[in-house]
Amino acid sequence: MPELPDVEIARRDLQRWLSGVRIAAARTTDRYISRGTSPAAFARDSAQQKVKQVSRRGKWLRIELEDGARIFSHLGMTGSWARVGAEDARQRWERARLTVVQRGVTSGVVYIDSRRFGRLILVREDIAEWRELGPDPLADGIDVARLGKELARRRRAIKDVLMDQSVLAGMGNILVTEALWHARIDPRSQAGALSKKELRAVGRELSKELERELRDKERERPTREGEGNFIIYGHAGEPCPRCGTTLSRMVLAGRGTVFCAGCQVRAEAQSSSIGPKSSPERTKNASP
DNA sequence: CTCTATGTTTAATT
DNA sequence: GAATTAAACATAGA
């Protein structure tokens, strides 16, 4: 499920289902997901509390309880939240259930996660993973000047840096893959070698991707969730819709990466032994 | 059986 | 040290 837009949709759902609502009972069934917290402690520390609000930074959710405790939720790769009837049977892959009472009506809010890469952590202070997040590109917008400074001192590939949650909180593999294609930038380009113009293109395309995804998710809600509206993600081997070159796939920063070797330009710092800091060069990739 | 997967962390290697 | 890469985590589906 999860990149920033999915998590924002989850936040809105949880806000609707939980805000101002009393938690009658909480059940967790997976210490791996709750990071060692026992089901008994989780239930004890959340029971009878009212939820103040549900906030989000990047891909993290924070359910704030009235006594200062808070539940951090990360959806990992396959996590999702859903509302069920009070008496509904355990869902497939259900890992936690909050039983809540709103105006006398009892219902269940369940966390479902087949792969169990997600997290559900009940604590009394903000966790480091939350505090160390960079600016949220949806809530804070993308400050191109600031982003440029972050990129300038890094030699890692641009795709790797854009997925770094301390640089921008919430960008994931799909959105970055798509945005770099729109911006016509090769994902292997050195982050610090992008020109001002390329930098602006990256910022603009990231924002557009976020908004487009969010719009799509708002609309086609419970309908199919399959990979539908991506232009190049999942389309390696097919012709590039812009230039017709066969789309390439490679592993970059540990993640499957699709790109067009025909129209995504690679920016790289000149690393010749003659000058330590020469101007960036732009190279056109050869077709495969 | 093999390969891939919307994420993050940690160990190993360069 | 910094940077990069591979592996690990658990499980499903093609």
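Everything quoted here is computed from the prediction, not taken from an experiment. A note on names: the letters A, B, ... follow the listed sequences, proteins ahead of strands, and every chain is numbered from 1.
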Considering all heavy atoms, the nearest A:L206-A:M171 contact: CD2-CE, 3.5 Å
For A:R255, enumerate each residue passing the salt bridge (Lys or Arg N to Asp or Glu O under 4.0 Å) test, keeping only those at least two apart in sequence or located in another chain. none
Side-chain N or O of [X] less than 4.0 angstrom from OP1 or OP2 on [N]?
X: A:H74; N: B:dG7; result: no
X: A:K59; N: B:dT6; result: no
X: A:Q165; N: B:dT8; result: yes
X: A:Y32; N: C:dA10; result: no
X: A:R92; N: C:dT11; result: no

Rounded to the nearest 0.5 Å, what's the gap from [atom1] on [X] to [atom2] on [Y]? Could you check?
X: A:Q264; Y: A:T177; atom1: CD; atom2: OG1; answer: 9.0 Å
X: A:T28; Y: A:E94; atom1: OG1; atom2: CD; answer: 11.0 Å
X: A:R11; Y: A:L18; atom1: CZ; atom2: CG; answer: 12.0 Å

For [X] and [N], what is the distance between atoms [atom1] and [atom2] respectively, to the nearest whole Å?
X: A:D216; N: B:dT6; atom1: CG; atom2: P; result: 19 Å
X: A:E132; N: B:dT8; atom1: CD; atom2: C1'; result: 13 Å
X: A:I33; N: B:dG7; atom1: CD1; atom2: P; result: 17 Å
X: A:D160; N: C:dA3; atom1: CG; atom2: P; result: 11 Å
X: A:E94; N: C:dT11; atom1: CD; atom2: C1'; result: 17 Å
X: A:M163; N: C:dT4; atom1: CE; atom2: C1'; result: 13 Å

With a cut-off of under 6.0 Å to the ring centre and 45° to the axis, is A:R119 in cation-pi contact with A:Y32? yes
Can you figure out which of [options] approaches the side chain of [X] most closely?
X: A:R249; options: B:dT6, B:dT4, B:dT8; value: B:dT4
X: A:W93; options: B:dG7, C:dA10, C:dA12; value: C:dA12
X: A:R156; options: B:dG7, C:dA3, B:dA5; value: C:dA3

Mind running side chain to side chain contact (heavy atoms under 4.5 Å, CB included) on A:C260 and A:I232 for me, showing each step along the way? CA-CA 9 Å; A:C260 176; A:I232 67 163; over 6 Å; no
Under a cut-off of 3.5 Å for both distances of each Watson-Crick or G-U pair, what dot-bracket string does DNA chain B give, using [ ] for crossing pairs and | for inter-strand pairs? .||||.||||||||
Shared-cluster residues of A:L252, by chain and number - hydrophobic side chains joined below 4.5 Å: none
Besides A:I127, the hydrophobic cluster formed by Ile, Leu, Val, Met, Phe, Trp and Tyr side chains linked at under 4.5 Å, directly or via other members, contains A:W60, A:F72, A:I121, A:V123, A:W130, A:L133
Cationic N near anionic O, under 4.0 Å, [X] to [Y]:
X: A:R16; Y: A:D13; value: yes
X: A:R215; Y: A:E211; value: no
X: A:E3; Y: A:K59; value: no

Under 4.0 Å from any atom of DNA chain B, heavy atoms only: list the residues of residues 172-181 of chain A that qualify, in numerical order. A:G172, A:N173, A:I174
Please state the [atom1] separation for the pair [N] and [M] - nearest whole angstrom.
N: C:dA10; M: B:dA11; atom1: P; answer: 15 Å
N: B:dT8; M: C:dG1; atom1: C1'; answer: 23 Å
N: C:dA3; M: B:dT6; atom1: C1'; answer: 26 Å

If anything within 90° of 0 is syn and all else is anti, what is C:dA10? syn
Pull out every residue in residues 109-126 of chain A that has a heavy atom closer than 4.0 Å to any atom of DNA chain C, ordered by number, or say none. A:S114, A:R115, A:R116, A:F117
